[in-house]
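Read the structure below first, then the notes.
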Amino acid sequence: MTTTALPGHPHFTLRDGELFAEDIRLQDLAREHGTPLFVYSKASMLRALAAYQRGFAGRKAQICYAMKANSSLGVLQVFVQAGCGFDIVSGGELERALIAGAKGKDIIFSGVGKTRAEMRRALEVGVGCFNVESEAELDVLSEVAVAAGRTAPVSIRVNPDVDPKTHPYISTGLKGNKFGVAHERTVHAYQRAASLPGLKVVGIDCHIGSQITDEGPYLDAMDRVLDLVQAVEAAGVPLHHIDFGGGLGIDYDGVVPPGADSLWRKLLAKIDARGYGDRHFMIEPGRSLVGNAGVCLTEVLYLKPGAQKNFCVVDAAMNDLPRPAMYQGHHNIVPVSSRGGDAQTYDVVGPVCESGDWIGRDRALSAQQGDLLAVLSAGAYCMSMASNYNTRGRAAEILVDGVRAHLIRERESVADQVRLERTAS
Ligand SMILES: *Cc1c(COP(=O)(O)O)cnc(C)c1O
């Protein structure tokens, strides 16, 4: 038997031309559960997590999985069992994390638009930290905490104004972005936080963007955050932890980002050199923990040769895989069973009635009607952003663990979709 690993997907292998997730043949899963079907490898998630754990070996550190990347309960459970905390951005995510077994103290609450109701609930369950994104939010959180008779632990999310060199929709640490408190306002905002009742300053936070593949922006941002730590503490507000956010990219198309372990070796060297090495560190990785742990299986419905383009119409669409339509995101697409034969160039598209419904452009494939394809790097920002557009039920999800395949989400039916709707009479 010849076994080759898929680039960037260590637990997805080709065995005699058949694609496997760990020890499960993907063709068998598609036959049993239908398509489109998301398949995740637990070992891949734990391997990605281990790179961060190596990077922080011997440090006081907490890894908080940014669950918006993939918030399915079966995925969250893997990270709960591995001892992770969670970074959440809504009250809904808070409840999901609790259902999956997370403890309140291991949850950090980020996001620019927290409502009073979300704050109250987060205080009630004792979240570990509110990452506050504006001075107005500090005032509201203080009021809510006082009214609830609680103390809200807070960090301020600072905007270091560095360019993460990623897509504009997923860069968050530039001056023109809606996120964080401006560099120049930071000391002032901390003094305000320290003076307000019901708040306890515990740390500082930044998150500069997503799908970052260069270490440069991270190193620059760390310098700026450490400058701010120094300035805030000089103004009399001690900071217990430094939260450096998430954003590390994955290999979608051959651009290989730095490993989490080597990146953190460099960042920690910088931190040590400036004398902050004994602080408590927190990070909020999302994509880099799950993105390449998942694929989406889809069936070729029709091949449609055209004058300018050949189309390969598949049964997965932009409602399942929104990244290409949203920000020209790239996913490699490979056959589930290699058949050889001459490759043709296709645009791989879904059935949704939008020209933006494409999954891959100009792909060389030797596909036939009825073949199965695997859309790679589909573990992050796919199912969690999936919709019901065109009244398409959301796909089923499988978590593979060695020789076992667990159905962690059933395929959504039309009855599921219309359950909350009423006609007028
Ligand atoms: C989205 C987000 C993350 C995770 O980003 P990834 O690119 O998936 O690692 C972390 N922190 C905050 C505040 C976020 O909004």
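All ligand and atom numbering here is 1-based and tracks the order in the structure.
Contact residues for ligand 1 (protein heavy atom closer than 4.0 angstrom to any ligand atom): Ala66, Lys68, Asp87, Ser110, Arg157, His207, Ser210, Gly246, Gly247, Glu284, Pro285, Gly286, Arg287, Tyr381.
Checking side-chain atoms of Arg411 against main-chain N and O of Leu37 turns up no donor-acceptor pair under 3.5 Å. Tyr65 places a side-chain N or O within donor-acceptor distance of the main-chain N or O of Asn70, the cut-off being under 3.5 Å.
By the 30° and 60° cut-offs, the orientation of the rings of Phe244 relative to Trp264 is perpendicular.
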Practice task
Evaluate salt bridge (charged side-chain N to carboxylate O under 4.0 Å, His left out) for Lys309 paired with Asp362, printing each intermediate quantity in order.
Solution key: CA-CA 8 Å; Lys309 290 238 166 197; Asp362 298 322; 3.1 Å; yes

Exercise for the section: Could you please spell out the steps behind the salt bridge (charged side-chain N to carboxylate O under 4.0 Å, His left out) verdict for Glu137 and Lys114? Expected result: CA-CA 8 Å; Glu137 185 189 335; Lys114 303 175 193 77; 2.7 Å; yes

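Residues that satisfy the side chain to side chain donor-acceptor pair (under 3.5 Å) test with Asn131, not counting sequence neighbours, are Ser110, Asp205, Asp243, Glu284.
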